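Treat the numbers as computed from the prediction; the structure is a model and nothing was measured. Whatever order the structure lists ligands and atoms in, that order sets their numbers, starting from 1.
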Amino acid sequence: MRLPAVVLALLVITVTPAHAEPRVVGGVVVEDVDEAPWMVALTTSSGYQFCGGALVGPDLVATAAHCVYSRTPSSITVVGGRLDLRTDGGSSSVVTQYQIADGYSTPSRGKDIALLTLARPMPYRVLPVAATTGVYDARKVGVVYGWGRQEESNTDKSPLLHKASIPVMADEQCSAAYARYDAGAMFCAGYPEGGVDSCIDDSGGPFVVDGRLAGIVSWGIGCARPNTPGVYTRVTTYLS
Ligand code: ARG
């Protein structure tokens, strides 16, 4: 059965408003895969998304150590080129091996970064890694991407990739929020009043400043609370 163009147009119009709703905490849906071609989802073999990541090479994914350390490589499927996880667009690959930063134990102690090697390289543009610490200057604005929660205590997740723009916070403000803050291993991003943040299951996803991978979603207390920023792995400390 073929639907007339008018009906298709109406369907598109009815579906569009959902995309305009706020996503993550305080973000918006990514509408075009070319905006974030390097974005990948980490899923179980049955397709359950549990973390994000970014292609830094055709067969290399940067993510958080805490996303993978309790899993075997072959139990992790990486999905690229797919904004809507209900579809089977893009491509997927299992992980053949991964490397975790030396001495990693738990996110709040830093070193929360891992590099995954894919069985099959992906045909998407890779995300260059930040080369200078200027990306961490307070009030630089980064964009964080993920399929995680849109509210701290709402476990419903959107199958659509979302993003939010969030300013880097000064080290002093971050130390005031978190006694465990280690400025050599991490940085914080958020607004003093809260409202916009990464959240559960966004972990491992990229924080992009000036078109480069500057941070990886790592930890925080709750999501989007006032004076409680998100904490990100300070990528330049670990990758070059
Ligand atoms: N640890 C979380 C995860 O595994 C990410 C938490 C980020 N929290 C935040 N408030 N930014 O998905």
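The neighbour count for Glu152 CD, taken as heavy atoms of other residues, nucleotides or ligands under 6.0 Å away, is above 12.
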Item to complete: Run the numbers on Val68 and Leu42 for side-chain contact (heavy atoms from CB on, under 4.5 Å), then give the verdict.
Response: CA-CA 9 Å; Val68 296; Leu42 307 196; 4.1 Å; yes
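Every pair passing ring-ring contact (aromatic ring centres under 6.0 Å, His included) that includes a residue from residues 46-78 is listed here, sequence neighbours excluded: Tyr69-Tyr104. The ring-ring contact (aromatic ring centres under 6.0 Å, His included) pairs that include a residue from residues 111-148 are Trp38-Tyr145, Tyr136-Phe187, where partners are two or more places apart or lie in different chains.
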List ligand 1's nitrogen or oxygen atoms that come under 3.5 Å of a protein nitrogen or oxygen, with the partner atom and distance.
unit_1, atom_1, unit_2, atom_2, d
ligand 1, 1 (N), Ser203, OG, 3.0
ligand 1, 1 (N), Ser218, O, 3.3
ligand 1, 4 (O), His66, NE2, 3.0
ligand 1, 4 (O), Ser203, OG, 2.5
ligand 1, 10 (N), Asp197, OD2, 2.8
ligand 1, 10 (N), Gly222, O, 2.9
ligand 1, 11 (N), Asp197, OD1, 2.9
ligand 1, 11 (N), Asp197, OD2, 3.4
ligand 1, 11 (N), Ser198, O, 3.2
ligand 1, 11 (N), Ser198, OG, 2.8
ligand 1, 12 (O), Asp201, N, 2.6
ligand 1, 12 (O), Ser203, N, 3.2
ligand 1, 12 (O), Ser203, OG, 2.6

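For Lys111, there are no salt bridge (Lys or Arg N to Asp or Glu O under 4.0 Å) partners at least two apart in sequence or on another chain.
Using modelled atom types and a 3.5 Å distance limit, the side chains of Ser46 and Thr44 yield a donor-acceptor pair.
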